[in-house]
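Within every chain, numbering begins at 1; the chains are lettered A, B, ... in the order of the sequence lines, protein sequences first and strands thereafter.
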Amino acid sequence: MIRINNLHVEYRQGTSVQLALQGVSLDINEGDYIALVGPSGSGKSSLIAAVCGLVFPHEGDIFVDKYRINRISRARRAFVRSRYFSVIFQFSELLGRFTVRENLELSWISSHGFYKRGSFQDRLDYLVSRLDLYPLLDRFPHELSGGQLQKAAIARALIRDLSYILADEPSGDLDPESFLQVKNLFLEEQERGKGILLVTHDMKLAFDAKTIYELRQGKITGLLKGN
Amino acid sequence: MLSLLRLSFFRAKLFFALFFLLYLLALLQYDIYLYYRHFKDHHNSLIGLGFELSFFSYLLMLVAVQFFSVRSFAHEMGNLETLGVRRWQYILAYIVHFLSLWLLGWLFSLPIFPILVAFSTGETMDGSELLQVFLLSLRDSLPLVLLTVGFAFYYHSRKDPFLMLRDKA
């Protein structure tokens, strides 16, 4: 279970302070599908970064099972990421000097610690068929279009097959067909018991979530769906 | 870490080829410096001093190039850390990378150095002299590469992984 309690995140640049999140509280269980929608600059990406320990909160707590993310060391936070989170970033972050297949392989190994050919191949085949990735596997990130890059980044996150999926604007560059593939894949993952936290401004994608919150100026301002 | 090493060796070929060449040149210069210091000092101290100066200035340049080149890995380091790879793991992998290039440079210097000496002085080195030079260069340069590469990666990975991920330089 992920418990976010009164989370405040701020960014300092010289003397100016930008408040990204102001008192966000949220619980995410395995099997939940929660979406946070809001305009650009509302703190959506900061929430994802804080939950997986990439940004240090100014105030509040984040618990991932027994780990209190804001109180553990950098190495421990990396460990928690490798065991719990499949993170999809807004700007499809792939390792530029590796092919798509190698990116997926590294992602798998970083969370499973060893290379079990069978399990990796099964998961790879599943994602490749769902996202229609086969022609892209041996290509480098710079050879892909924005949409293809986005799909490869989604596959890199999901291949880890971990308990929680954190997705930051995953549908940004997708064409309508790929959009549907991703939408269905998220639903399948939720049915398999994954907890999904989706942040987006795209209501079409958020629509499938069981619970939809509105995020504005770093605060949850309303419940749009669910209870 | 092993997977990163396995995959990474055949990527960024140009970058690593450049470092192999830089290391090879440094090792050849150091071999010449050692040769003059141990076997030729009494012949011409001016030439010896010239080699010493050129070697140490090259060494400084190499350390600086190494330090600033490592910055280009910042985005990759941030990316690996967001995947959950521990900082010590990827630093160790990169150090092994650079040490392998240095070792390759050292191996290549073995046949080149005696040819260089024969060409420049017209003398042939005997086996024990060669062995002494090579063992000394191995002993002296290994800790230097280890320390300078290790420090460069440690320094450039000190930032928050999220900020490193944003670092496309």
Checklist entry - By a 4.5 Å heavy-atom criterion (distance strictly below it), what part of Arg76(A) contacts chain B: side chain, backbone, both, or neither? => result neither
Checklist entry - Relative to chain B, which segment of Arg156(A) carries a heavy atom at a distance below 4.5 Å: side chain, backbone, both, or neither? => result side chain
Checklist entry - Quick one: does NZ or CZ of Arg87(B) land under 6.0 Å from the six-membered ring centre of Tyr154(B), within 45 degrees of the ring axis? => result yes
Checklist entry - Is chain B contacted by the side chain of Val55(A), its backbone, both, or neither, given a heavy-atom distance below 4.5 Å? => result both
Checklist entry - Can you pull the side chain to side chain donor-acceptor pair (under 3.5 Å) pairs that have at least one residue in residues 44-65 of chain A, sequence neighbours excluded? => result Tyr11(A)-Ser46(A), Ser45(A)-Gln90(A), Ser45(A)-Asp168(A), Asp61(A)-Arg68(A), Asp61(A)-Asn70(A), Asp65(A)-Tyr84(A)
Checklist entry - With distance as the sole test, does Ser25(A) use its side chain to make a donor-acceptor pair with the main-chain N or O of Asn6(A) at under 3.5 Å? => result yes
Checklist entry - Just by distance, with hydrogens left out, do Gln66(B) and Tyr23(B) show a side-chain donor and acceptor under 3.5 Å apart? => result yes
